[in-house]
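Read through the structure below, which is laid out as C-alpha cells, and then see the notes.
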There are 2 protein chains.
Amino acid sequence: MASTPPPSHNASNPVAAGDALPASSGLGTPAFSPLYQQIKALLLQSLQSGEWKPSTAIPSEIELAGRYKVSQGTVRKAIDELAAENLLVRRQGKGTFVATHAEQHVRYRFLRLIANNGDTEGPAERRIVDCKRLRASTEIAKALAIKPSDSVLQIRRVLSFAGQPTILEDVWLPAAPFKGLTAERLTAYQGAMYELFEKEFGVHMVRAEEKIRAVLPDAEQEKLLHINSPTPLLSVERIAYTYNDAPMEFRRGLYLTDTHYYRNELS
Amino acid sequence: MASTPPPSHNASNPVAAGDALPASSGLGTPAFSPLYQQIKALLLQSLQSGEWKPSTAIPSEIELAGRYKVSQGTVRKAIDELAAENLLVRRQGKGTFVATHAEQHVRYRFLRLIANNGDTEGPAERRIVDCKRLRASTEIAKALAIKPSDSVLQIRRVLSFAGQPTILEDVWLPAAPFKGLTAERLTAYQGAMYELFEKEFGVHMVRAEEKIRAVLPDAEQEKLLHINSPTPLLSVERIAYTYNDAPMEFRRGLYLTDTHYYRNELS
DNA sequence: GAGTGGTCTAGACCACACT
DNA sequence: GTGTGGTCTAGACCACTCC
C-alpha cells in the first residue's frame, strides 16, 4: 500500500486533453493543455454564465477539487491565475470571492487620474449631460465588434473634483445588453458606472485597453469643462472587455491635467 | 520509516522567521514571513549584488533548494514571484535567467508609444542633443532621493520614427553611478539606453512610474520637434527604479501624438 | 540520455475568521 | 472548534533543450 501508483491522471479527466494524441489533425501544435488550465476554463465558464455572482463566495478549494476530481493543489493553481487577473479575490479564512466593482477601494479601479496632491478620491460630482440611442458609426461598431446597423447607447457626462469639471466623457454601449438604461437611472444611481452595469445588467468589466493622446478641445467641449483659455487635454480612448474578452464599452474621455495627472506603472 | 515526521521546518532555516515567537518586541504585528518570501529576499540579494548578471542563468531549482535547505517547491514559488515581476525569465528545458533590456523583443519595454497603424517598432533614429553635468534642482533631487547639492547628469535627446521627430526627452541621472557617461558614448551606442546602463554601468531598471499630462510646448521644444503650428503634446514624467527600489533615473518626455499614441492596459 | 523547468498528487501543518 | 485559504514537503512523471 506504500506503492500505490498515482493514477495516470490524464485518463478520466474533466476535459480530455486531446482526443487522439499523435493524430494531429493537420495542425502543427498538439495543443497540450495542463489540467489546471482546463480547470481554469471551467471556473471561467461558471463566472461568465453568472452561476457565481460578483461579491459572492465560490465553492471552497476542497469542494472544487472533489467536483472536478483533481487535487486541491491543481484547483489552487487555477484560482491563483484568476486571482492574478483580478477576476477572483482570495480572503484567508473566509473563502474565495468573485471580484466586483462595488467596493470602496476598487470602485474607480480603471480611473487613473490622480490629484497632484496625491488625493486618490473618486469624482465628487457626476453629471449626466445626455443619453440617447443611435446607430453605431463604423468606428464605434468596430470597437464594439458589432454591425454598423446595430443600435448603441451614447452617454455624455461630466465628472467634477471639488467643484471643478475635470473629465468630459462620451460612452458608447451596445444597446441590447443595456436595454432600459436611461439618463434618469444613471443620474439616480449612487456609485460608479461599472458598479451599475454589474448590478443592474449583469455585465462585469474585467479589463480594458486605453489609447492616450494630447488634443485641443473644440468650443462645445471647452464650454462643458468651463475652459476659457486654450488648454490642451488628455484624450483617453478606452475599450472595456467583459469575461469572454468581448468588448462591451467604448469610451472617450477628455481629462483636464492641471490639477490632476494620469498615473501609470511600468514593469 | 513510512512515518518519518516531516522536519518542523522553521527550526533550522536560512533565515529565522522571528527570534522569539510570542515576545513581540513592542510591535503590533509579529511580522510572520513565509519561507518562500525569505528565499525570494535571498535571491533578490544575489541579483542586487551583481552575483548573477543580466542574461545569465541562475542556479537550477534543485541546486538552490539544496543550498537553502528547502524543498524545490518552495524555491519555485520564490522564483515564480520574481518571474511575475519581470526580474527573472523562466525557459523550460534551459533554465532560469536574469532579465535584461538587451533583447530584441523587450528592448523598448518601458516605451508605450505605438504607431497608429499598429507598428511596434522602436525609434529609427536617436539623436543626442546635449549631455552635461550640473547640480540637482530640488525637484530632481527629490525624485532621485539625493541631496540638492549632489551633481547629476542631464541628457537631452530626440527620437524619430520614419524621419519624423516624435519624442523630446530630458533624462536626469545621479552622477556617481554613471561616472564617465558622455554624449559621445551615448551617441556611439547601438541599442536602447537601458541596455547601455545595464552593460556599461551595471544598473538594471526594474520598474517605473509615470505621470502623464497634456501640455503645450515652448518655442525651443517646438523647434526640436519640427513643429510649426500650435500642437499639444503628451508630457510623460518617469521615475525608474532599480532592484532595491532605489530611484535611479528621472525623465521627462514630450510625445507627439498625431502619428502615435500611448498605449495602456488596465486590469 | 541527462538536465532543466512544468505539472500533479497527497498529506501535514499554520494562519485566520467566524461562531 | 470548524472551516477556509496559505505554506511546505516529497516524490512521480511530463515537456523541452541540448549533446
Side-chain angles (χ1 to χ4, degrees), chain A residues 1-15 17-18 21-22 28-40 56-66 68-84 88-97, chain B residues 1-15 17-18 21-22 24 29-40 56-66 68-84 88-97:
Chain A
M1 46 188 76
S3 61
T4 305
S8 152
H9 64 263
N10 247 351
S12 64
N13 261 333
V15 179
L21 287 163
T29 323
F32 161 76
S33 165
L35 239 193
Y36 75 87
Q37 287 287 2
Q38 301 174 33
I39 304 296
K40 184 181 170 186
T56 66
I58 70 171
S60 77
E61 295 178 352
I62 293 177
E63 188 186 332
L64 289 171
Y68 297 135
K69 296 280 195 345
V70 299
S71 79
Q72 187 183 355
T74 300
V75 171
R76 272 193 79 71
K77 187 144 187 179
I79 292 179
D80 277 346
E81 292 209 349
L82 292 171
L88 295 176
V89 177
R90 320 190 75 137
R91 281 185 226 153
Q92 180 171 144
K94 299 173 83 171
T96 301
F97 297 78
Chain B
M1 46 187 77
S3 61
T4 306
S8 154
H9 64 262
N10 248 351
S12 63
N13 261 333
V15 179
L21 288 162
S24 60
T29 324
F32 160 77
S33 165
L35 239 192
Y36 77 86
Q37 288 286 1
Q38 302 174 33
I39 304 298
K40 183 182 170 185
T56 65
I58 71 171
S60 76
E61 296 178 353
I62 293 177
E63 189 186 332
L64 289 171
Y68 297 135
K69 297 282 195 346
V70 298
S71 80
Q72 186 182 356
T74 301
V75 172
R76 271 192 81 70
K77 186 145 185 179
I79 292 179
D80 277 346
E81 291 209 350
L82 292 171
L88 295 177
V89 178
R90 294 172 162 290
R91 280 184 227 153
Q92 181 171 148
K94 300 172 84 170
T96 301
F97 298 77

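Since the model is a prediction, treat every value here as computed from it, not as a measurement.
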Report the C-alpha separation of B:Ile58 and B:Leu64 in whole Å, then their side-chain angles, then the decisive distance to 0.1 Å, and conclude whether the side-chain contact (heavy atoms from CB on, under 4.5 Å) test is met.
CA-CA 9 Å; B:Ile58 71 171; B:Leu64 289 171; 4.1 Å; yes
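Side-chain atoms of B:Thr74 lie closest to D:dT9 of the nucleotides C:dC8, D:dG5, D:dT9. Here D:dC8 is the nucleotide among C:dT9, D:dC8, C:dG5 with the atom lying nearest to any side-chain atom of B:Leu35. Which of D:dA15, C:dT9, C:dA15 sits closest to the side chain of A:Gln92 comes down to C:dA15. Residue B:Pro34 has its side chain nearest to D:dT7 when only D:dT7, D:dT9, C:dC8 are considered.
As rounded to whole Å, 11 Å separates atom P of D:dG6 from atom CG of A:Leu88. The OH-P distance, from A:Tyr68 to C:dT7, rounds to 19 Å in whole Å. The nearest whole Å value for the distance from the CZ atom in A:Arg91 to the P atom in C:dA15 is 22 Å. One atom, CD of A:Gln72, and another, C1' of D:dT4, lie 9 Å apart when rounded to the nearest Å. Summarising the geometry, the separation between CD on A:Glu61 and C1' on C:dC8 is reported as 15 Å, rounded to the nearest angstrom. Atom pair B:Tyr36:OH and C:dC14:P shows a separation of 18 Å (rounding to whole Å applied).
Contacts of A:Arg76 with the nucleic acid, taken as non-hydrogen atoms under 4.0 Å apart, include base atoms.
Judged by Watson-Crick or G-U wobble contacts below 3.5 Å, the nucleotide C:dA12 has D:dT7 as its partner.
Phosphate contact (OP1/OP2 of D:dG6, side-chain N/O of A:Arg90, threshold under 4.0 Å): present. Between B:Lys77 and D:dT7 there is a side-chain polar atom (N or O) within less than 4.0 angstrom of OP1 or OP2. Side-chain N/O atoms of A:Lys94 include one lying less than 4.0 angstrom from OP1 or OP2 on C:dC18. Neither OP1 nor OP2 of C:dT4 sits under 4.0 Å from any side-chain N or O of B:Thr96.
Ranked by how close their nearest DNA chain D nucleotide is to the 5' end, A:Asp80 and A:Gly93 are led by A:Gly93.
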